[in-house]
Amino acid sequence: MSEPTAEFRHRVLELVRQIPPGRVMTYGQVARYAGFPGRARQVGFVLHSLLPASGEIPWQRVINAQGGISTYRVGVGELQRALLVHEGVEFNPSGRCDLERFGWRPEVDEGALGL
DNA sequence: ACGTTGACGTCAG
DNA sequence: TCTGACGCCAACG
């Protein structure tokens, strides 16, 4: 019934939509929590299909496993970074953020940063 | 039909 | 810490 691709896309978008402001998830995590482990690249492809108008999907809250921005080659790297900084996410001089602090896990549903 | 590409992740050096 | 190789799999030409 449900085509794998369509189902995957739907699951990914619904999950990303739930990431609270100021929090981030990695492509790999999104893929895993969506029920499709190992398909991080496909997550990026789905999000890429949202541009340039992202609508209600907070695509900027998805980054790579190193805590860095992967969208510079697509041309929206600076934008993504600015949006995240505006939400309170901090980046170190290397351009990476601490996933221990800003990473978000669905099961630990917490919107605010633990201070 | 097929080789290449890509908003990734992991591991070795 | 950084770089390159590889695995991954759907989209593209």
Side-chain angles (χ1 to χ4, degrees):
Chain A
M1 255 242 322
S2 58
E3 298 179 46
T5 57
E7 183 66 16
F8 176 72
R9 180 188 171 79
H10 180 70
R11 295 270 195 95
V12 167
L13 296 182
E14 276 307 303
L15 181 54
V16 173
R17 186 193 304 249
Q18 295 172 48
I19 305 175
R23 306 306 296 272
V24 298
M25 269 185 91
T26 72
Y27 297 94
Q29 285 174 354
V30 172
R32 274 206 310 276
Y33 283 108
F36 293 81
R39 303 198 185 176
R41 304 192 80 152
Q42 302 315 121
V43 170
F45 207 94
V46 169
L47 296 182
H48 184 221
S49 70
L50 297 174
L51 299 177
S54 58
E56 314 170 10
I57 310 296
W59 58 272
Q60 73 273 23
R61 295 172 195 153
V62 183
I63 61 181
N64 63 41
Q66 285 68 52
I69 305 296
S70 288
T71 60
Y72 288 105
R73 79 159 290 169
V74 189
V76 295
E78 290 302 329
L79 172 61
Q80 177 169 20
R81 158 120 182 190
L83 288 171
L84 289 176
V85 168
H86 185 70
E87 295 181 359
V89 177
E90 297 169 27
F91 289 85
N92 63 29
S94 304
R96 295 183 307 221
C97 67
D98 187 350
L99 292 175
E100 291 299 315
R101 288 184 59 194
F102 305 102
W104 182 71
R105 294 186 295 286
E107 49 203 44
V108 188
D109 199 356
E110 23 135 284
L113 289 173
L115 299 178

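Throughout, a chain's letter reflects where its sequence line sits, starting with A, and its residues are numbered from 1.
In this structure, A/Tyr72 atom OH and B/dC8 atom P are separated by 13 Å, rounded to whole Å. Regarding A/Arg9, its CZ atom lies at a distance of 15 Å from the P atom of B/dA7, rounded to whole Å. Between the CD1 atom of A/Ile19 and the C1' atom of B/dA7 there is a distance of 13 Å, given to the nearest Å. Put simply, NE2 on A/His48 is 16 Å from P on B/dT5, counting in whole angstrom units. Rounded to whole Å, the distance from CG on A/Leu99 to C1' on B/dT10 is 15 Å.
Going from atom CZ of A/Arg23 over to atom CZ of A/Arg101 covers 10.0 Å, rounded to the nearest 0.5 Å. Rounded to the nearest 0.5 Å, atoms CG (A/Leu51) and CD1 (A/Ile57) are 12.0 Å apart.
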Donor-acceptor contacts under 3.5 Å from residues 28-35 of chain A side chains, at least two apart:
| from | atom 1 | to | atom 2 | distance (Å) |
| --- | --- | --- | --- | --- |
| A/Gln29 | OE1 | A/Thr26 | N | 3.3 |

In residues 41-49 of chain A, what donor-acceptor pairs under 3.5 Å come from side-chain atoms, sequence neighbours left out?
| from | atom 1 | to | atom 2 | distance (Å) |
| --- | --- | --- | --- | --- |
| A/Ser49 | OG | A/Arg9 | NH1 | 2.8 |
| A/Ser49 | OG | A/Val46 | O | 2.4 |

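Residues A/Phe91 and A/Gly67 approach most closely at CE2-O, 4.1 Å, considering heavy atoms. Closest non-hydrogen pair, A/Leu15 versus A/Pro106, comes out as CD1-CG, 3.9 Å.
Within the structure, the side-chain hydrogen bond (donor to acceptor under 3.5 Å, both in side chains) test picks out the following pairs touching residues 63-72 of chain A (sequence neighbours left out): A/Asn64-A/Ser70, A/Thr71-A/Gln80. For residues 70-89 of chain A, every residue pair satisfying the salt bridge (charged side-chain N to carboxylate O under 4.0 Å, His left out) rule, not counting sequence neighbours, is listed here: A/Arg61-A/Glu87.
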Can you give me the N/O atom pairs linking the protein to nucleotides 1-3 of chain B at distances under 3.5 Å, or say none if there are none?
none

Could you list the protein-to-nucleotides 9-13 of chain C atom pairs, N/O on both sides, closer than 3.5 Å?
| from | atom 1 | to | atom 2 | distance (Å) |
| --- | --- | --- | --- | --- |
| C/dC9 | O2 | A/Gln42 | OE1 | 2.9 |
| C/dA10 | O4' | A/Gln42 | NE2 | 2.9 |

Would you list the protein and nucleotides 11-13 of chain B atom pairs, both N or O, that sit under 3.5 Å from each other?
none

* Asked: In dot-bracket notation, what is the pairing pattern of DNA chain B, taking Watson-Crick (N1-N3 plus N6-O4 or O6-N4) and G-U wobble (N1-O2 and O6-N3) contacts under 3.5 Å, with [ ] crossing and | for other strands?
  -> .|||||.||||||

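Comparing A/Ser49 and A/Gln66 along DNA chain B, the residue whose closest nucleotide (by nearest heavy atom) sits nearer the 5' end is A/Ser49. Residue whose closest nucleotide on DNA chain B sits further toward the 5' end, between A/Arg73 and A/Ala65: A/Arg73.
For A/Leu83, the side-chain contact (heavy atoms from CB on, under 4.5 Å) test picks out A/Trp59, A/Gln60, A/Leu79, with sequence neighbours left out.
Under the 4.5 Å side-chain criterion, counting only non-hydrogen atoms from C-beta, A/Ile19 is in contact with A/Val16. Between A/Ile69 and A/Ile63, some side-chain heavy-atom pair lies under the 4.5 Å cut-off.
If you check every strand for non-hydrogen atoms under 4.0 Å, A/Ser70 touches sugar and phosphate atoms only.
Taking 4.0 Å as the cut-off between side-chain N and carboxylate O, A/Glu14 and A/Arg17 count as a salt-bridged pair.
For A/Arg96, the listed nucleotide lying nearest its side chain is C/dC2; candidates were C/dC2, B/dA7, B/dG9.
Interface residues of residues 25-34 of chain A facing DNA chain B, ordered by number: A/Thr26, A/Tyr27, A/Gly28; criterion, heavy-atom separation under 4.0 Å.
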